S.K.: 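Mind having a look at this structure? Questions to follow.
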Amino acid sequence: MPPVQVSKICCIGAGYVGGPTCAVIAFKCPHISVTIVDLNQARIDAWNSSDFKLPIYEPGLVDVVKHARGRNLFFSTDVDKAIQEADLIFVSVNTPTKKSGVGAGFAADLNYVELATRRIAAVAHSSKIVVEKSTVPCRTAESMRTILEANSRPGCRFDILSNPEFLAEGTAIEDLLAPDRVLIGSLQTPDGLNACESLANVYANWVPKERVLTVGLWSSELSKLAANAMLAQRISSINALSAICEATGANIDEVAHAIGFDSRIGPKFLRASVGFGGSCFQKDILNLVYLSESLHLPQVAAYWRQVVEMNEYQKSRFSKTVVDTLFNTITGKHIAVLGFAFKADTGDTRESPAISLVRDFLSERAYVTIYDPQVEEAQIWLDLSEACPLVPLETIKKQVTIASSALDACKNMEAVVIATEWKEFREINWDSVYKNMNKPAFVFDGRMLVDADALRAIGFKVKVIGRGERV
Ligand code: NAD
Ligand code: UGA
């Protein structure tokens with residue numbers, strides 16, 4: 001079959017990836033009709049809301065949706081219709097870590113991918129290009145092809161592509177408009193290569209040709225896991241060094257600056273922190289660990305597992321620093337946690353280090369006040385309930401307050417903990433914060449955000465991750 005001129009796209013999954021990715025395709029390709037579908041009615045209603053209260057917060061997203069929605073961008077729960085009409089289908093459903101059964105705690109749960117694939121096979125009347133957008137273990141495309149071929153109607157054929165997404169939350173629109181690269185994996189057969197060209201032609205509407213990389217299917221699938229593993233490994237490496245800095249009096253910011261000047265290392269992704277969060281780094285590394293073990297490569301599995309273990313260590317090390325510094329007990333003390341999202345510019349809290357910190361503080365019987373500019377209150381209660389499964393929500397609510405501003409959160413506290421690097425926390429009026437806090441007033445900066453010397457001049461006792469000064 002020659003390359004298909006794609007004119008109708010369906011995206012299954014209207015989440016953090018499917019929504020922004022396909023909204024940008026619609027924005028950049030007015031000649032292509034894009035329908036994003038999901039089983040979650042509330043999510044679709046939010047995408048369609050007249051006041052553009054979209055289900056995810058992402059800078060620039062509203063403008064893209066305003067531009068294209070109703071023109072060539074549609075959101076719907078009618079999955080079957082969108083599948084039937086499309087010539088290219090993105091599968092962009094969630095692939096969380098399995099909670100039970102074989103591989104529990106490590107392997108990716110491919111149930112949603114399989115259900116979406118079976119739906120395509122069940123309802124498609126014509127041939128389709130099916131694109132794996134979700135992050136999946138190596139060779140998942142083969143399982144999808146087997147399911148599609150075994151269930152397809154006569155005359156329908158399916159070409160499978162892998163097109164993993166590399167956007168980061170908070171900068172998703174920038175990343176999609178000017179990606180470092182777009183990766184497309186296909187079978188190296190004439191049909192596979194033609195399907196690859198069809199998708200490459202969609203991206204060619206705004207992505208320079210040299211940035212569209214085409215490779216084999218399995219390399220594409222593995223490259224996605226590899227990219228996340230190597231990014232997370234960099235953070236665990238710098239965080240491991242931050243512990244050495246704290247013990248020796250070195251400054252992790254200066255160390256990162258010095259090593260980042262080596263053009264082979266580069267300056268990006270070397271910010272020490274309270275630990276990485278987000279829905280993917282941990283999940284994808286655990287997936288790689290599982291894959292390595294399945295392939296009888298225990299040393300490789302142990303190597304990658306250490307990246308996650310170092311992250312757990314960093315989170316608990318930070319909690320311990322808070323307890324140790326507050327005279328070895330925080331029982332009955334009041335702590336403000338600024339930031340609950342896993343990074344700035346998103347309302348997403350999946351695997352946020354703030355959740356672990358608050359859980360640790362609650363288990364020490366401290367009182368915690370949380371403020372985040374984007375995270376909904378209901379999400380915070382849900383996350384804390386999941387993090388403390390043995391504690392009833394009513395009990396949690398007696399220990400936790402949610403504030404509506406950073407200044408309110410810090411009133412009458414003994415300590416302020418910065419867990420997310422929101423820009424507004426850089427601009428806090430620390431003089432007012434100090435006046436309203438119990439003394440001695442402590443600031444624990446898990447994001448290297450504050451001017452520690454300026455805060456000390458006000459009177460604060462300050463601990464910054466990766467700095468060895470004594471308070
Ligand atoms: P998400 O949970 O935000 O969204 C997935 C959506 O798929 C949900 O709304 C869910 O209701 C829907 N869904 C599940 N099964 C369905 C079905 N059978 N039919 C229709 N809808 C269905 O997940 P996400 O963050 O968008 O991630 C999706 C995939 O992309 C994952 O594999 C993830 O690893 C990968 N990824 C995520 C990011 C990120 O920044 N979040 C970045 C790159 C890659
Ligand atoms: C990450 C990758 O950057 C994306 O390329 C990938 O597509 C995505 O995962 C995915 O597959 O889901 P994301 O998790 O959205 O994107 O955000 P990042 O900017 O990578 O940050 C992840 C975590 O690492 C955050 O908690 C962040 O605060 C932390 N981080 C990041 C650091 O602690 N230090 C740094 O130098 C950089």
Side-chain angles (χ1 to χ4, degrees), residues 10-22 36-44 46-47 55-56 58 76-80 82-83 89-97 108-120 132-137 140 163-172 175-176 179-181 224-225 227-232 234-239 242 252 256 260 267-285 287 311 314-315 339 341-346 348-354 419-421 446-448 465:
C10 157
C11 174
I12 305 180
Y16 285 87
V17 168
T21 309
C22 287
I36 305 177
V37 293
D38 204 294
L39 299 173
N40 182 332
Q41 183 72 53
R43 234 178 190 183
I44 292 299
W47 282 110
I56 60 178
E58 193 60 66
S76 167
T77 48
D78 195 343
V79 178
D80 294 359
I83 290 174
I89 302 168
F90 285 107
V91 176
S92 190
V93 299
N94 36 330
T95 49
T97 305
D109 182 349
L110 294 175
N111 186 38
Y112 303 100
V113 171
E114 177 161 347
L115 289 176
T117 308
R118 286 188 182 276
R119 200 70 213 150
I120 295 170
E132 227 179 40
K133 188 55 126 174
S134 300
T135 303
V136 289
T140 302
N163 174 219
E165 186 47 61
F166 296 102
L167 68 79
E169 288 179 30
T171 54
D175 296 342
L176 289 163
D180 283 354
R181 80 313 208 171
K224 173 62 199 178
L225 295 182
N228 273 358
M230 294 198 65
L231 288 168
R234 250 173 106 89
I235 303 171
S236 278
S237 298
I238 205 74
N239 283 344
S242 76
I252 196 62
K268 292 185 181 167
F269 246 71
L270 285 180
R271 275 191 83 72
S273 67
V274 61
F276 61 73
S279 62
C280 294
F281 277 175
Q282 176 173 310
K283 151 177 101 63
D284 293 348
I285 294 178
N287 191 341
N311 198 47
Q314 185 75 350
K315 289 187 275 184
F342 80 95
K343 65 184 280 198
D345 292 326
T346 176
D348 195 351
T349 60
R350 290 179 287 181
E351 305 296 339
S352 177
T420 312
E421 72 284 21
R447 294 290 186 167
M448 301 194 303
I465 199 112

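Numbers here simply count residues along the sequence, with the first being 1. For ligands, and for the atoms within them, numbers begin at 1 and follow the listed sequence. A quick note: this is a predicted structure, and the numbers were derived from the prediction, not measured.
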S.K.: Using heavy atoms and a 4.0 Å limit, tell me yes or no: is Arg119 in contact with ligand 1?
M.R.: no
S.K.: Under 3.5 Å, is there a donor-acceptor pair between the side chain of Trp47 and the main chain of Ala14?
M.R.: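 Yes; judged by distance alone, with no hydrogens or angles, the pair exists.
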S.K.: Taking 4.0 angstrom as the limit and counting only heavy atoms of Leu270, give me the atoms of ligand 2 inside it, by number and element.
M.R.: 36 (O)
S.K.: Should Glu165 be counted as touching ligand 1, given the test is an N or O pair under 3.5 Å?
M.R.: no
S.K.: Using a plain distance cutoff, I'd like to know if Leu115 has any nitrogen or oxygen under 3.5 Å from a nitrogen or oxygen of ligand 1.
M.R.: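 Among all N and O atoms of Leu115, none is under 3.5 Å from an N or O of ligand 1.
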S.K.: Would you say ligand 2 has an N or O under 3.5 Å from any N or O of Leu231?
M.R.: no
S.K.: Lys283 versus ligand 1: do any nitrogen or oxygen atoms come within less than 3.5 Å of each other?
M.R.: yes
S.K.: Output the distance between atom CG (Asp175) and atom CD (Glu58), rounded to the nearest 0.5 Å.
M.R.: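 That separation rounds to 8.0 Å.
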S.K.: Please list the nearest protein heavy atom to atom 5 (O) of ligand 2 with its residue and the distance rounded to 0.1 Å.
M.R.: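 Residue, atom and distance for the closest contact: Phe166 O, 2.7 Å.
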S.K.: Are any of the N/O atoms on Ser279, whether in the backbone or the side chain, positioned under 3.5 angstrom from an N/O atom of ligand 2?
M.R.: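 Checking ligand 2 against Ser279, no N or O pair falls under 3.5 Å apart.
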S.K.: Report the residue from Asn94, Thr95, Thr97 that forms a side chain to side chain donor-acceptor pair (under 3.5 Å) with Lys283.
M.R.: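 One option only clears the test, and that one is Thr95.
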S.K.: The test is side chain to side chain contact (heavy atoms under 4.5 Å, CB included); show your working for Val17 and Thr135 and say whether it passes.
M.R.: CA-CA 10 Å; Val17 168; Thr135 303; over 6 Å; no
S.K.: Rounded to the nearest 0.5 Å, what separates atom CD1 in Ile238 from atom CZ in Phe269?
M.R.: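 Taking CD1 in Ile238 and CZ in Phe269, the distance rounds to 12.5 Å.
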S.K.: I'd like to know if the side chain of Arg181 and the backbone of Phe166 have a donor-acceptor N/O pair within less than 3.5 Å.
M.R.: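 No: the side chain of Arg181 does not pair with the backbone of Phe166.
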S.K.: What distance do Thr140 atom OG1 and Glu114 atom CD have between them, rounded to the nearest 0.5 Å?
M.R.: 11.0 Å
S.K.: How close does the nearest protein non-hydrogen atom get to atom 21 (O) of ligand 2, and which residue and atom is it?
M.R.: Lys343 CD, 4.0 Å
S.K.: With heavy atoms only and a cut-off of under 4.0 Å, state how Leu39 meets ligand 1: side chain, backbone, both or neither.
M.R.: both
S.K.: Check whether Asn239 reaches the backbone of Ser273 with its side chain - one donor and one acceptor, N or O, closer than 3.5 Å.
M.R.: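 A pair under 3.5 Å: yes.
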S.K.: What atoms of ligand 2 come closer than 4.0 angstrom to any heavy atom of Cys280?
M.R.: 10 (C), 11 (O), 12 (O)
S.K.: Return the residue, atom name and 0.1 Å-rounded distance of the protein heavy atom closest to atom 28 (O) of ligand 2.
M.R.: Arg447 NH1, 2.7 Å
S.K.: Provide, to 0.1 Å, the distance between atom 36 (O) of ligand 2 and the closest protein heavy atom, together with that atom's residue and name.
M.R.: Arg271 N, 2.9 Å
S.K.: Is a side-chain donor-acceptor pair under 3.5 Å present for Gln314 with Ser242?
M.R.: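 Yes - a donor-acceptor pair under 3.5 Å links their side chains.
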S.K.: Between Ile12 and Val93, is any pair of side-chain heavy atoms under 4.5 Å apart?
M.R.: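 Contact flag for Ile12/Val93 side chains = yes.
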S.K.: Around atom 25 (O) of ligand 1, find the nearest protein heavy atom and jot down its residue, atom name and distance.
M.R.: Arg350 NH2, 3.0 Å
S.K.: Quick one: nearest non-hydrogen protein atom to atom 22 (C) of ligand 2, plus distance?
M.R.: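 Answer, as residue, atom name and distance: Phe281 CE1, 3.6 Å.
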S.K.: Of all the atoms in ligand 1, which lie at a distance below 4.0 Å from a heavy atom belonging to Leu167?
M.R.: 40 (O), 42 (C)
S.K.: Between atom CZ of Arg350 and atom OH of Tyr16, what is the distance when rounded to the nearest 0.5 Å?
M.R.: 5.5 Å
S.K.: If you have a sec, work out which protein heavy atom is nearest atom 32 (O) of ligand 1 and how many Å separate them, to one decimal?
M.R.: Thr95 OG1, 2.6 Å
S.K.: Counting heavy atoms only, which part of Gln282 comes closer than 4.0 Å to ligand 2: side chain, backbone, both or neither?
M.R.: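 Contact part for Gln282 vs ligand 2: neither.
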S.K.: Could you tell me the separation between the CG atom of Asn228 and the CZ atom of Phe276, rounded to the nearest 0.5 Å?
M.R.: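 That separation rounds to 9.5 Å.
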S.K.: With distance as the sole test, does Arg119 use its side chain to make a donor-acceptor pair with the main-chain N or O of Asp80 at under 3.5 Å?
M.R.: no
S.K.: Tell me which part of Arg118 gets within contact of ligand 1: side chain, backbone, both or neither, using heavy atoms under 4.0 Å.
M.R.: neither
S.K.: Look at the side chain of Glu165 and the backbone N and O of Ser134, then say whether any donor-acceptor pair between them is shorter than 3.5 Å.
M.R.: no
S.K.: Looking at ligand 2, is there an atom of it that comes within less than 4.0 Å of some heavy atom belonging to Leu167?
M.R.: yes
S.K.: Are the side chain of Lys343 and the backbone N or O of Gly278 linked by a donor-acceptor pair below 3.5 Å?
M.R.: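 Side chain of Lys343 to backbone of Gly278: no pair is present.
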S.K.: Side chain or backbone, does Tyr16 bring an N or O within less than 3.5 Å of an N or O on ligand 1?
M.R.: yes
S.K.: Should the proximity of Glu165 to ligand 2, defined as any heavy atom under 4.0 Å, be assigned to the side chain, the backbone, both, or neither?
M.R.: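 For Glu165, the contact with ligand 2 is made by the backbone alone.
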S.K.: What atoms of ligand 2 come within less than 4.0 Å of a heavy atom belonging to Lys224?
M.R.: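 Reading through ligand 2 atom by atom, the close ones are 6 (C), 7 (O), 10 (C), 11 (O).
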S.K.: Quick one: does Arg43 get an N or O within less than 3.5 Å of an N or O on ligand 1?
M.R.: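 Yes, at least one N or O pair falls under 3.5 Å.
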S.K.: Which of the atoms in ligand 2, numbered in the order shown and given with their element, are less than 4.0 Å from a heavy-atom of Ala168?
M.R.: 3 (O), 15 (O), 16 (O), 17 (O)
S.K.: I need the contact type for Ser279 against ligand 1. Using non-hydrogen atoms and a strict under-4.0 Å cut-off, is it side chain, backbone, both or neither?
M.R.: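 Just the side chain.
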S.K.: Which residue and atom name correspond to the protein heavy atom nearest atom 11 (O) of ligand 1, and how close is it?
M.R.: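 The protein heavy atom lying closest is Asp38 OD1, 2.6 Å.
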S.K.: To the nearest 0.1 Å, how far is atom 33 (O) of ligand 2 from its closest protein heavy atom, and which atom is that?
M.R.: Ser273 OG, 2.6 Å
S.K.: In the structure I gave you, are the side-chain heavy atoms of Thr21 and Ser92 within less than 4.5 Å of one another anywhere?
M.R.: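 No; the side chains remain at least 4.5 Å from each other.
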S.K.: Purely on distance, is any nitrogen or oxygen of Ser92 under 3.5 Å from one on ligand 1?
M.R.: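 Checking ligand 1 against Ser92, no N or O pair falls under 3.5 Å apart.
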S.K.: Does the pair Ile56 and Glu169 meet the rule for a side chain to side chain contact (heavy atoms under 4.5 Å, CB included), with working shown?
M.R.: CA-CA 10 Å; Ile56 60 178; Glu169 288 179 30; over 6 Å; no
S.K.: Could you name the option among Thr135, Asp348, Asn228 that has the heavy atom nearest to atom 44 (C) of ligand 1?
M.R.: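 Residue with the shortest heavy-atom distance to the ligand atom: Thr135.
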S.K.: Considering non-hydrogen atoms of the protein only, which is the closest contact for atom 7 (O) of ligand 1, and what is the distance?
M.R.: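 Nearest neighbour among protein heavy atoms for atom 7 (O) of ligand 1, to 0.1 Å: Gly13 CA, 3.4 Å.
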S.K.: How does Thr171 reach ligand 2, if at all, at less than 4.0 Å between non-hydrogen atoms: by side chain, backbone, both, or neither?
M.R.: neither
S.K.: If the cut-off is 4.0 Å to any non-hydrogen atom of Tyr112, which atoms of ligand 1 fall inside it?
M.R.: 14 (C), 15 (N)
S.K.: Report yes or no: does Thr420 contribute a side-chain atom to a donor-acceptor pair with the main-chain N or O of Ala341 at less than 3.5 Å?
M.R.: yes
S.K.: Only heavy atoms count here, so choose which of Val93, Asn94, Thr21 is nearest to atom 29 (C) of ligand 1.
M.R.: Val93
S.K.: Would you mind checking which non-hydrogen protein atom is closest to atom 20 (O) of ligand 2, with the distance to 0.1 Å?
M.R.: Phe269 CZ, 3.1 Å
S.K.: Could an N or O of ligand 2 be found under 3.5 Å from any N or O of Phe342, whether backbone or side chain?
M.R.: yes
S.K.: Identify, for atom 30 (N) of ligand 2, the protein heavy atom at the shortest distance, and state residue, atom and that distance.
M.R.: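 Sorting protein heavy atoms by distance from atom 30 (N) of ligand 2 puts Ile235 CD1, 3.4 Å first.
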S.K.: Would you mind finding which of Glu132, Glu169, Glu58 brings a heavy atom closest to atom 39 (C) of ligand 1?
M.R.: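 That would be Glu169.
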S.K.: Could you list the atoms of ligand 1 found under 4.0 angstrom from a heavy atom of Cys280?
M.R.: 33 (C), 34 (O), 36 (N), 37 (C), 38 (C)
S.K.: Run the numbers for me: atoms of ligand 1, each under 4.0 Å from some heavy atom of Val17, listed by number.
M.R.: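 Contacts of ligand 1 toward Val17, numbered from 1: 26 (O), 30 (O), 36 (N), 37 (C), 38 (C), 39 (C), 42 (C), 43 (C), 44 (C).
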